[in-house]
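Have a look at the structure below, then the notes.
Numbering of ligands and ligand atoms starts at 1, following listing order.
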Amino acid sequence: MFIMTRYIFVTGGVVSGLGKGVITASIGKILKSKGFSVTAIKIDPYLNYDAGTLRPTEHGEVWVTDDGGEIDQDLGHYERFLDITLSRDHNITSGKIYYSVIEKERRGRYLGQTVQPIPHVTDEIKNWIYRVSKESGCDFTLVEIGGVVGDYENILFLEAARQMRMENPGRVLFVHVAYVPILKSLGEMKTKPVQHSVKELRAIGIQPDFIVARCEGELDDVRRAKISLFTNVDQRDIFSAPDLEVVYELPLIFEKMGFGDRILEKFGLRPIESDLSDWEKFVDTLKNSSKVVRVGIVGKYFRTGMYSLPDAYISVIEAVKHGAAYLGFKPRFEYINSVDIEEDPSLLDKLDNVDCIIIPGGFGATGVEGKIMAINYARENSIPILGLCYGFQLMVVEFARNVVGLEKAHTTEVDRKTPHPVITILPEQAKILSEDRYGGTMRLGSHKVILKRGSLAFEVYGREVIYERFRHRYEVNPKYVDVLEEHGLLFTGMSEDGIKQLGELDRRLHPYFIGSQFHPEFTSRPLKPNPLFRALIAHGVGRR
Ligand code: GLN
């Protein structure tokens with residue numbers, strides 16, 4: 001079938017960090033709830049090829065796609081809100097664009113021409129968007145342009161978007177998301193920054209069709225009128241995105257304000273009733289449930305002041321919300337820095353106040369002993385615990401040391417000379433690292449996992465074959481599997497080539513002590529929580 005894709009570009013103004021990803025995903029969600037198919041692309045103007053080598057405390061979590069892309073976390077919002085699976089190509093960076101242009105130039109594709117930002121780079125950007133849209137075959141493609149209008153680094157992406165409007169009359173809209181501050185000293189909402197950012201956008205030839213005002217509270221009529229006057233955007237097309245306790249509420253707010261139908265109208269389509277009833281119930285539970293589950297996260301990517309907290313573990317946090325809401329609970333998080341535990345072990349007492357614990361993924365030596373102490377505490381006190389990737393590997397280390405009696409057992413990632421390398425580098429990874437090839441070379445993306453019948457994992461998933469996403473270089477050392485299993489740590493999930501993908505403590509020893517080499521947080525969706533999280537919450541609240 002031939003589909004005339006419609007494009008919605010989302011740009012940012014005034015400051016970054018406005019939650020454009022959630023806003024883009026929410027627009028997609030309302031269109032989807034009206035029966036359309038929707039896909040989304042994220043543009044990151046940085047020169048890194050992908051997000052794989054970025055520091056988590058600075059850039060937040062790295063999202064892993066089914067096909068092994070390491071991407072900005074906004075793709076996670078898209079997959080969660082829209083319940084879709086995206087490929088790595090749904091993320092465009094300047095690095096990818098330039099890489100491709102230069103490669104073509106070297107292969108003689110532009111022979112004779114002077115290769116220039118316009119048209120060659122902009123063509124590359126447009127063709128990428130067209131190609132991905134065509135492959136997706138959706139009614140709508142949302143394209144979020146990272147950064148802020150006025151930045152040097154996203155100018156060519158904005159120019160490509162401007163050209164796309166010209167090439168597709170009536171099929172391209174622009175949504176501009178800008179910050180409206182409330183000045184504390186005046187107690188007043190100020191619209192001047194929005195006015196200026198739209199002026200900037202218009203200077204590069206883009207008149208926005210919609211404005212989303214990001215503000216602490218709702219936009220009032222006076223400010224709406226003022227923004228409209230100075231930006232040439234109809235008052236009916238200015239929406240506010242207030243601060244929300246539960247971000248999943250945003251599509252509901254947008255839909256109530258009529259955003260979806262205004263979009264359809266501008267594309268020349270008839271208004272359509274949306275169906276968001278399941279979503280409403282989900283949001284209502286997260287906002288209003290009187291039943292609370294307390295979840296401890298023992299990690300290390302918490303920056304001082306704890307400002308970047310939700311960012312580095314965002315998918316883990318969201319997956320907990322999905323699992324909790326499914327069971328009618330609202331989660332309350334306790335964040336514990338494993339580095340602090342090492343300095344002050346009495347912090348482990350905090351774990352007495354949670355219903356269940358998660359040890360998320362990570363890299364390197366920092367905070368590892370603190371995580372091992374937390375695992376030990378959970379194991380000995382029968383607190384339900386889920387280890388993710390590094391968390392799983394450290395469960396194995398803890399068990400080897402304290403139950404099997406292999407005193408100095410470790411992962412070779414931290415201690416290369418350990419007498420008991422219970423976690424060791426995957427053979428193909430050793431080669432990759434010896435060649436200094438760090439970018440995009442881990443064992444990545446979705447792989448098949450076969451669960452052992454009768455195991456806890458099998459019971460949790462309710463089936464034998466699952467697909468989950470991976471991002472690692474190390475694995476359980478096959479040489480230690482027998483001795484670990486003899487003592488009660490059972491490996492109940494396997495890859496087809498024999499890598500241990502999942503471990504659990506014998507149920508006679510602990511109610512829920514389970515770790516996965518994969519990252520179940522990447523496949524969790526609001527209305528379809530990942531089973532490992534759902535079961536963790538169920539065991540946590542069941543213990544009371
Ligand atoms: N550092 C570990 C490895 O590379 C775990 C990675 C992770 O937690 N994502 O295997």
ask   = Taking only residues two or more places apart in sequence or in another chain, which ones pass ring pair (Phe, Tyr, Trp, His ring centres under 6.0 Å) with F518?
value =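 Checked F518 against ring pair (Phe, Tyr, Trp, His ring centres under 6.0 Å); matches are F470.
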
request  = Check ring pair (Phe, Tyr, Trp, His ring centres under 6.0 Å) between W128 and all other residues, then give those that pass, not counting sequence neighbours.
outcome  =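 Once residues adjacent in sequence are excluded, W128 has no partner under the ring pair (Phe, Tyr, Trp, His ring centres under 6.0 Å) criterion.
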
ask   = Using a distance-only test with no angle check, is there a side-chain donor-acceptor pair under 3.5 angstrom linking H519 and R469?
value =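 No donor-acceptor contact under 3.5 Å links the two side chains.
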
request  = Scan side-chain atoms only and decide if E318 and Y248 contain a donor-acceptor pair under the 3.5 Å cut-off.
outcome  = yes

key: salt bridge (charged side-chain N to carboxylate O under 4.0 Å, His left out) partners for D67, two or more places apart   =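 If we apply the salt bridge (charged side-chain N to carboxylate O under 4.0 Å, His left out) test to D67, skipping adjacent residues, the hits are R88.
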
key: Check: K371 side chain, V298 main-chain N or O, donor-acceptor pair, under 3.5 Å   =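 No; judged by distance alone, with no hydrogens or angles, the pair does not exist.
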
May I have every N or O pair linking ligand 1 to the protein at under 3.5 Å, one per line with atom names and distance?
residue  : atom   : partner : partner atom : Å
ligand 1 : 1 (N)  : G362    : O            : 3.0
ligand 1 : 1 (N)  : E413    : OE1          : 2.7
ligand 1 : 1 (N)  : E413    : OE2          : 3.1
ligand 1 : 4 (O)  : R473    : N            : 3.0
ligand 1 : 8 (O)  : G362    : N            : 2.9
ligand 1 : 8 (O)  : G362    : O            : 3.3
ligand 1 : 8 (O)  : Y390    : N            : 3.1
ligand 1 : 9 (N)  : R471    : O            : 2.9
ligand 1 : 9 (N)  : H519    : NE2          : 3.1
ligand 1 : 10 (O) : Q393    : NE2          : 3.1
ligand 1 : 10 (O) : R473    : N            : 3.1
ligand 1 : 10 (O) : Y474    : N            : 2.9

